[in-house]
*Asks:* 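One structure, as C-alpha cells, below. Some questions next.
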2 protein chains.
Amino acid sequence: MTISKRQLEERELRKERILTGALNVFKKKGIEGATMDEIAASSGFGKATLYYYFHSKEEVFSAILVNGWESIWMSLEPIIASEKSPRKTFISILLRIAENARSNQGLYSFLFNVPKLINIEEQPWKSYQNRLYAIIQGLLEDGVMAGEFPPLDTQLLFKAMGGLFMGLVFMGDRETPVSEKEIENLLNQLITNPTQK
Amino acid sequence: MTISKRQLEERELRKERILTGALNVFKKKGIEGATMDEIAASSGFGKATLYYYFHSKEEVFSAILVNGWESIWMSLEPIIASEKSPRKTFISILLRIAENARSNQGLYSFLFNVPKLINIEEQPWKSYQNRLYAIIQGLLEDGVMAGEFPPLDTQLLFKAMGGLFMGLVFMGDRETPVSEKEIENLLNQLITNPTQK
DNA sequence: CTAATATTCGACTGTACAGTCGAATATTAA
DNA sequence: TTAATATTCGACTGTACAGTCGAATATTAG
C-alpha cells in the first residue's frame, strides 16, 4: 500500500502540466490577471484539482520560478566550473542565458521580469538568483582586476551589463529576437578589452 | 455664473493632490495592489470624491503617466533643440533623464516600468514615449553615420543602451543612486568614440 | 437673504475570484 | 471481490474592491 514509483512520476507529470498551463496564462494575462479558473481550463483540470496538487496560486507561481531557476542553474554550472578567464566565462554565461531565453521565451522573460512585479520576501528561488548575481559580480571583479574589463566600479558595471542584457534579450518586438552572434559582437565592441588596445 | 479661473485652478490642485496620493500608493503597493479606498485615504478625500474628479482608476493611473511624460518632454525639448552633435545630445538626454529620475524617483520608475505591467492599447502617453524613442533612435543612427558611435546595428544599440540605462538608474538599491558623473563616465568608457581611437 | 451649482462623502451594489466542500469516480492492494 | 486510498470536479462561500447613489454641505451669483 505504499505509493509506487510510477504513481509519483505521474503526479509530477500532472504538476508539470499544470505549471505549463499556468505559464501560458501568465504570459497572456500577466500574473495578477491570471485566474485559477483559467489556469485550470488551460491545463485541462478542474479548479479543485489544482488545489489538490498545489496549496495556493502563490505556490503554483513559485513552483514555476523554482523550476526555471533550477534549470538555468544546471545549464550554467558547467560553464562556471570550466575555469576559463573571467571575461570568457562572463560572456559565455550571458550567451547561454540568451540562448535559453530564445528557446523558451515565455519562461525566461517571466523569470527575469517577475522580481519587479512581486515583492514577497524569502521566495525560495531568490537564492538561485542571488547566487547567479554573486557569481557574475565576482567575474566582473576578477575581470577588472585582471585588466580584462575597463577599470570601472564593478557595482556599476554589473548594473549596466545586467540592464544591457535584459534590454537586448527581452525588450521590444519578439519577432526579431537578437541572435547570439549579435550579442557577442556587441559585448566585444562595448566592453573593449583594455589590454588589447 | 461662469466658472471662475480660481475655481478651475483649485480643481486642478485637487486633481494633483489625488494624483500624488495615488502615486504614493502605487509605489507602496504596485498598480494592481493599489485600491481606490487607499488612494482616497492617502490623498485625504472620500472615495466618491475621487470619482468626481476622475472617471475610473484607469484614468487616475493614466493621468499620472501623461503628466509625467509631459514633464519629461518639456525638460528634454531644449536639449533636443540645441543642435549639438548626436553623441553629445544623446548623452545629455540620458543624463537629464537620470537627473530627473533621481529627484523624483517614484514617478520616474513608475513611468518607465509601467509599460511592462500594463498592455492596454492606445494610451495617450504612449505617443510621448514613442516620440522620445524615435528621437533617440535617430540620434543613434546619425551618430553611427558620423562615426561617433561604434558601427553597430542601431536597433541593437538602442535596445542595449535602453537596457543599460534602465539598469543603471532603476535597478538595485535605492540607497546608492548612481550619480550623473558615474553615468557619464560609464557611457564614455563603454561607447568609445571610434574616431578618438 | 435665496436658489443654483459645486463639492464631499460613507454606505451600498455587483462582480470577480481565491479557496473549500462534499460527493463522485478511478485505482490499487489484499 | 472489497475496502482503502488517490484523484477529480463543479458548485458554493467569503472577501476584496471598483464603481454608484442619494443625500448633505459648501460656495457662488444675484
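Lettering follows sequence order; numbering is per chain, from 1.
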*Asks:* Please report, rounded to the nearest Å, how far the P atom of dA6(C) is from the CZ atom of F45(B).
*Replies:*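 F45(B) atom CZ is separated from dA6(C) atom P by 17 Å.
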*Asks:* Looking at T49(B), I'd like to know whether one of its side-chain N or O atoms comes within less than 4.0 Å of OP1 or OP2 on dC9(C).
*Replies:* yes
*Asks:* Suppose we screen for side chain to side chain contact (heavy atoms under 4.5 Å, CB included). Which residues come up paired with S71(A), at least two apart in sequence or across chains?
*Replies:* Y108(A)
*Asks:* Which is true for F54(B) with a 4.0 Å heavy-atom rule: it touches a base, it touches only sugar-phosphate, or it touches nothing?
*Replies:* nothing
*Asks:* Scan residues 127-141 of chain B for pairs that pass salt bridge (Lys or Arg N to Asp or Glu O under 4.0 Å), counting only residues two or more places apart or in two chains.
*Replies:*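 Every candidate salt bridge (Lys or Arg N to Asp or Glu O under 4.0 Å) pair involving residues 127-141 of chain B fails, so no pair, neighbours aside, qualifies.
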*Asks:* Respond yes when some side-chain nitrogen or oxygen of R11(A) is under 4.0 Å from OP1 or OP2 of dA6(D), and no when none is.
*Replies:* no
*Asks:* Please report the C-alpha distance between K126(B) and Q123(B) in whole Å, then the side-chain angles of each, then the deciding distance to 0.1 Å, and finally whether the side chain to side chain donor-acceptor pair (under 3.5 Å) criterion is met.
*Replies:* CA-CA 5 Å; K126(B) 265 277 173 196; Q123(B) 295 281 5; over 6 Å; no
*Asks:* Can you check the E10(B) CD to dT8(C) C1' distance for me, whole Å?
*Replies:* 14 Å
*Asks:* According to side chain to side chain donor-acceptor pair (under 3.5 Å), who are the partners of E77(B), at least two apart in sequence or on a separate chain?
*Replies:*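 In terms of side chain to side chain donor-acceptor pair (under 3.5 Å), with neighbours along the sequence ignored, E77(B) is linked to W73(B).
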*Asks:* For L94(A), give me all partners under side chain to side chain contact (heavy atoms under 4.5 Å, CB included), at least two apart in sequence or on another chain.
*Replies:*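 Scan of L94(A) (side chain to side chain contact (heavy atoms under 4.5 Å, CB included), adjacent residues dropped) gives F90(A), F165(A), L187(A).
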*Asks:* Which protein N or O atoms sit under 3.5 Å from an N or O of nucleotides 24-27 of chain C?
*Replies:*
none

*Asks:* Side-chain donor-acceptor contacts of residues 21-28 of chain A below 3.5 Å, not counting sequence neighbours, with atom names and distances?
*Replies:*
from	atom 1	to	atom 2	distance (Å)
N24(A)	ND2	T20(A)	O	3.4

*Asks:* Can you see if the side chain of Y52(B) gets near the phosphate of dT8(C) - specifically, an N or O under 4.0 Å from OP1 or OP2?
*Replies:* no
*Asks:* Partners of K47(A) by side chain to side chain contact (heavy atoms under 4.5 Å, CB included), sequence neighbours excluded?
*Replies:*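 Partners of K47(A) under the side chain to side chain contact (heavy atoms under 4.5 Å, CB included) test: M36(A), D37(A), A40(A), Y51(A).
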*Asks:* Report each atom pair, protein N/O against N/O of nucleotides 13-18 of chain D, whose distance is under 3.5 angstrom.
*Replies:*
from	atom 1	to	atom 2	distance (Å)
dA18(D)	OP1	A34(B)	O	3.3
dA18(D)	OP1	K57(B)	NZ	3.0
dA18(D)	OP2	M36(B)	N	2.8
dA18(D)	N7	K47(B)	NZ	2.9

*Asks:* Whole Å only: how far is the OH atom of Y53(A) from the P atom of dG19(C)?
*Replies:*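 Computing the Y53(A):OH to dG19(C):P distance gives 19 Å.
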*Asks:* Does a side chain donor of either Y53(A) or R11(A) reach within less than 3.5 Å of an acceptor in the other side chain?
*Replies:* no
*Asks:* What is the distance from CD of E9(B) to C1' of dA6(C), rounded to the nearest Å?
*Replies:*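 Rounded to the whole Å, the gap is 17 Å.
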*Asks:* Using the test side chain to side chain donor-acceptor pair (under 3.5 Å), find all partners of T154(A) that sit at least two apart in sequence or belong to another chain.
*Replies:*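 If we apply the side chain to side chain donor-acceptor pair (under 3.5 Å) test to T154(A), skipping adjacent residues, the hits are Q137(A).
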*Asks:* Could you spell out the base pairing of DNA chain C in dot-bracket, with Watson-Crick or G-U pairs whose two distances are under 3.5 Å, [ ] crossing and | to another strand?
*Replies:* ||||||||||||||||||||||||||||||
*Asks:* May I have the distance from R17(B) (atom CZ) to dT8(C) (atom P), rounded to whole angstrom?
*Replies:* 10 Å
*Asks:* Could you tell me which residues satisfy side chain to side chain donor-acceptor pair (under 3.5 Å) with E70(A), sequence neighbours excluded, listed by chain and number?
*Replies:* Y128(A)
*Asks:* Counting only side-chain heavy atoms from C-beta out, which of dG10(D), dT7(D), dG10(C) sits nearest to A48(B)?
*Replies:*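 Given the options dG10(D), dT7(D), dG10(C), the side chain of A48(B) is closest to dG10(C).
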*Asks:* Taking side chain to side chain donor-acceptor pair (under 3.5 Å) as the definition, give me every residue that meets it alongside K88(B), ordered by chain and number, with sequence neighbours left out.
*Replies:* none
